[in-house]
Amino acid sequence: MAVRNSSSNYAILSEGLRVGFRSSGTELIPRLSSVFPPGSIQTDFANLDFVYSLDEEPGRKSYTAYFKSRALIRRATLSAALDSIASDVQHTVATYSRGNLFLHAGVIGWRGRAVLFPGRTCTGKSTLVHALIRAGAIYFSDEFALVDASGNVHPFARPLSLRSLKGRSTVCPDEEGLKVAPGPCRAGVIIATQYKPSGAWCPSHLSQGQATLELLRNTVAVRSDPGRAIRYTGKLASSAIAIRSPRGDSEVAAPLLLETLDRFLN
Amino acid sequence: MENSSLRPVARQANLTIEELPTELVVYDHLRNSMHCLNRSTSFVWRLCDGQTTIEQIGARLPEVDLPAHLDIVRQALKTLDKAHLLVGKPQFAESGLPTRRQLVHRLGLAAGSAAALLPAIASATAPTPTMAKSGDKDKKPKKPKKNGQDD
């Protein structure tokens, strides 16, 4: 039976998945909107694929977040609980997406084409992407490349999550006046790069097969749907130049990388 | 002792294969491993039909710009076997097989072109969703292993 979204229930449609959110407090639903993946649209609280819950412990100002019946985090601050839900929702949508294929990658736009930096969490993608968009690139995502069957790359413009010695900070590109991608575009360059303290920018070309393998290594749902994963990444790699290079600090690497992109894309 | 009429057989079961212009990308469902076969390895693998001998395969290597040398076929079979892409184990004496560097020297290939021409497979383990999500900063992503390079 369909249930209208209420003050304590809310549902979204994201990449073909119906995800529901419940909360014990009416005031929490507006706060939950911060965890919805980019591009989500509101839908009825019915026929749900997944359900998340956020419970406030009475009188304690602490919160427990659940995915189905499994606790994601217990007795936490509201901010920490929302962060845990946000992370898990994004991961769940990435894993079970019925639409685009999700790759772990930082993505920018440059000279009308998408540039992908495949890599898992904690490999410096966000820092590099932030440096590049401050240098004029267009922001697609610091965590996921969304690839469709035609090999186009769609934006997933969540706030950037940057790590430093002081801890983690969140950057909203539009609040900083930085450009955000309005829609999908063709991939132009795939760059397999990883931060090394003494890393020097010295790109070498990858074949289409090597590039496909690099993308597959960072495809979230490769094990559950390898056929689709190989087709989509192969299609993407067929339209892009692929290179591999170590890199040093993002502030130093960014201009060198953009020079390389200008050579490839002009 | 090598069986001179060796007729290797490419494995097909539980594999998803994507053909690229000159390479193959293969997903092994049994091991959740992924492989990129370069041009010469793909060529040899396609000829492993259980009917074609390794001598016949070797004679066709000039079609992929390589000399008709049996050691190149053996090198390809060794890398394919290591990646579990053959049915059964090819019976030849690996102790007599030259290393990649020795093969490059023996064939008179330039080092750069040898890397592209000689049989090679890049392999990686397919990540689980959790592996990617964990975000352990001490875990470095594994570089793809390249079979066929010098040990």
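Naming convention: chains lettered A, B, ... in sequence-line order (proteins, then strands); numbering from 1 in each chain. Because the structure is a prediction, the values reported are computed rather than measured.
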Review point. Quick one: what part of A:T219 sits under 4.5 Å from any heavy atom of chain B, side chain, backbone, both or neither?
Key: backbone
Review point. Considering only heavy atoms from C-beta outward, does the side chain of B:M34 approach that of A:L213 to under 4.5 Å?
Key: yes
Exercise for review: Apply ring-ring contact (aromatic ring centres under 6.0 Å, His included) to A:F140 and list each qualifying residue two or more places apart in sequence or on a separate chain.
Suggested key: none
**Study point:** side-chain hydrogen bond (donor to acceptor under 3.5 Å, both in side chains) between A:T212 and B:E18, worked out
**Key:** CA-CA 10 Å; A:T212 302; B:E18 180 78 4; over 6 Å; no
**Study point:** Verdict with reasoning, A:V222 to B:Y27, per side chain to side chain contact (heavy atoms under 4.5 Å, CB included)
**Key:** CA-CA 9 Å; A:V222 64; B:Y27 188 93; 3.9 Å; yes
Review point. Crowded around B:H105 NE2? As in, over 12 foreign heavy atoms under 6.0 Å?
Key: no
Practice item. Report yes if some heavy atom in the side chain of B:P127 is under 4.5 Å from a heavy atom in the side chain of A:R120; otherwise report no. Key: yes
Check your understanding: With only heavy atoms counted, which part of A:T95 is less than 4.5 Å from chain B, the side chain, the backbone, both or neither?
Key -> side chain
Study note, to complete from the structure: Across all chains, not counting sequence neighbours, the ring-ring contact (aromatic ring centres under 6.0 Å, His included) partners of A:F36 are A:Y10, A:F21
Review point. Would you say A:R223's side chain and B:P129's backbone share a donor-acceptor pair under 3.5 angstrom?
Key: no
Review point. Looking only at heavy atoms, which two atoms of A:Q208 and B:E23 are closest? And how far apart?
Key: N-OE1, 3.6 Å
Exercise for review: Flag yes if more than 12 heavy atoms outside A:R74 fall under 6.0 Å of its CZ atom; otherwise flag no.
Suggested key: no
Check your understanding: In terms of heavy-atom pairs under 4.5 Å, which option from B:L20, B:L24, B:T22 contacts chain A the most?
Key -> B:L20
